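Notes follow once the structure below has been shown.
All values derive from a computational prediction rather than experimental measurement.
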Amino acid sequence: MTDHAHLEVATLGGGCFWCLDAVYRELRGVVKVESGYAGGRRPNPSYEQVCTGATGHAEVVQVTYDPAEISYGDLLDIFFAIHDPTTLNRQGGDVGTQYRSVVFYHTPEQKAEAERKVAELGAAGPYDDPIVTELAPAPAFYPAEGYHQDYFRKNPGAGYCRAVVAPKVAKARKAFFEKLAR
């Protein structure tokens, strides 16, 4: 049983939040995943407002997890494996600042771990281009509209889910099989 007094939160943006949401929901030790918006200027923005790029928000997931079951470092390893941290304001066909690669850290320890992972990937990682993932203190988080929550499970047949989300989920299942909830 999870001791809720010891839960921690990670806030990550790596393109469309539907992809990250779907992957993190399957992990052992993850208690809650909420899609939302962070890092912008407008309080409580709508999806339509964020999609214009004018609010400055990124699409993110806020992951509540039990560090006794899964570490922040594990969450970051998965994050960097399922999106391209070398493309500025873009993931595949999704283009705009709302799709930027960003780690919003909540503690000095999270900041240090994120800096370490970025340096490690940059030095010996699988990328030819430099990592452009933004590292910043966690700002206000605004939950996305209800229909965005757990979108992949609710809409597996949707075109975007079949073409974009499903391959990322499959990749994470294969690469991080030992981390999956059973």
Side-chain angles (χ1 to χ4, degrees), residues 7-40 45 47 50-51 57-67 69-106 110 113-114 117-118 121 131-136 138-139 141-156 158-177 179-181:
L7 296 179
E8 294 183 17
V9 174
T11 304
L12 307 165
C16 177
F17 45 35
W18 297 341
C19 296
L20 297 177
D21 179 288
V23 169
Y24 285 113
R25 284 182 186 276
E26 295 195 344
L27 300 175
R28 184 177 62 253
V30 170
V31 176
K32 180 181 176 186
V33 179
E34 190 166 26
S35 292
Y37 316 108
Y47 179 68
V50 171
C51 283
H57 287 286
E59 289 191 15
V60 299
V61 291
Q62 194 159 79
V63 180
T64 303
Y65 66 99
D66 182 347
E69 294 187 52
I70 190 164
S71 71
Y72 184 70
D74 290 337
L75 295 176
L76 290 177
D77 287 341
I78 293 162
F79 171 71
F80 285 112
I82 61 172
H83 87 291
D84 182 352
T86 69
T87 55
L88 186 62
N89 301 327
R90 171 186 205 119
Q91 287 298 304
D94 295 328
V95 180
T97 56
Q98 67 271 28
Y99 300 117
R100 67 188 178 270
S101 176
V102 60
V103 173
F104 289 121
Y105 53 83
H106 293 263
Q110 285 187 353
E113 181 71 6
K117 292 282 184 190
V118 167
L121 285 170
I131 303 224
V132 296
T133 302
E134 173 188 348
L135 305 180
F141 171 81
Y142 301 100
E145 296 79 355
Y147 68 92
H148 288 297
Q149 308 304 330
D150 204 7
Y151 190 86
F152 179 63
R153 186 186 60 77
K154 295 175 186 173
N155 302 279
Y160 188 90
C161 289
R162 288 193 327 267
V164 179
V165 183
K168 288 188 180 195
V169 170
K171 179 180 181 179
R173 285 176 181 162
K174 183 176 179 184
F176 300 97
F177 180 77
K179 303 287 181 200
L180 298 176

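- Gln149 is linked by a side-chain hydrogen bond (donor to acceptor under 3.5 Å, both in side chains) to nothing, counting only residues two or more places apart in sequence or in another chain.
- Not counting sequence neighbours, Lys171 has no partner by the side-chain contact (heavy atoms from CB on, under 4.5 Å) test.
- Distance check, rounded to the nearest 0.5 Å: OG1 of Thr11 to CD of Glu34 gives 10.0 Å.
- For Pro156, the side-chain contact (heavy atoms from CB on, under 4.5 Å) test picks out no residue, with sequence neighbours left out.
- Distance check: Arg90 CZ to Thr97 OG1 gives 13.5 Å after rounding to the nearest 0.5 Å.
- Remark: Tyr72 pairs with no residue by the ring pair (Phe, Tyr, Trp, His ring centres under 6.0 Å) rule, at least two apart or across chains.
- When all heavy atoms of Phe80 and Leu121 are compared, the pair lying nearest together is CG-CD1, 3.4 Å.
- Evaluation of the side chain to side chain donor-acceptor pair (under 3.5 Å) test over residues 74-86, restricted to residues two or more places apart or in two chains, returns Ser71-Asp74, Asp74-Lys179, Asp77-Lys117, His83-Ser101, Asp84-Thr86.
- A donor-acceptor pair under 3.5 Å is absent between the side-chain atoms of Glu59 and the main chain of Val50, judged by distance alone.
- With sequence neighbours excluded, no residue forms a salt bridge (charged side-chain N to carboxylate O under 4.0 Å, His left out) with Glu145.
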Please list every donor-acceptor pair under 3.5 Å in which a side-chain atom of residues 15-25 meets a protein atom from a residue at least two apart or in another chain.
| residue | atom | partner | partner atom | Å |
| --- | --- | --- | --- | --- |
| Trp18 | NE1 | His148 | ND1 | 3.0 |
| Asp21 | OD1 | Arg25 | NE | 2.6 |
| Asp21 | OD2 | Arg25 | NE | 3.4 |
| Asp21 | OD2 | Arg25 | NH2 | 3.3 |
| Asp21 | OD2 | Ser35 | OG | 3.2 |
| Tyr24 | OH | Leu75 | O | 2.7 |
| Tyr24 | OH | Phe79 | N | 3.2 |
| Arg25 | NE | Asp150 | OD1 | 3.4 |
| Arg25 | NH2 | Val33 | O | 3.0 |

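- Summarising the local packing, NZ of Lys32 is surrounded by 12 or fewer heavy atoms from other residues, nucleotides or ligands at distances under 6.0 Å.
- Legend: residues meeting side-chain hydrogen bond (donor to acceptor under 3.5 Å, both in side chains) with Tyr65, ordered by chain and number and at least two apart, are Glu8.
- Scanning both residues, Pro167 and Cys161, for their nearest heavy atoms gives CD-O, 4.4 Å.
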>> The test is side-chain contact (heavy atoms from CB on, under 4.5 Å); show your working for Arg28 and Ile70 and say whether it passes.
In response: CA-CA 7 Å; Arg28 184 177 62 253; Ile70 190 164; over 6 Å; no
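- Scored by the side-chain contact (heavy atoms from CB on, under 4.5 Å) test, Leu180 finds Glu26, Leu27, Arg173, Phe177, Arg182 as partners (sequence neighbours excluded).
- Every residue meeting the side-chain contact (heavy atoms from CB on, under 4.5 Å) condition with Pro139, not counting sequence neighbours, appears here in chain and number order: Ala38, Phe104.
- With sequence neighbours left out, Tyr160 forms a side-chain hydrogen bond (donor to acceptor under 3.5 Å, both in side chains) with Asp94.
- In this view, Gln91 and Thr87 satisfy the side-chain hydrogen bond (donor to acceptor under 3.5 Å, both in side chains) rule, not counting sequence neighbours.
- For the pair Lys168 (side chain) and Ile82 (backbone), a donor-acceptor distance under 3.5 Å is present.
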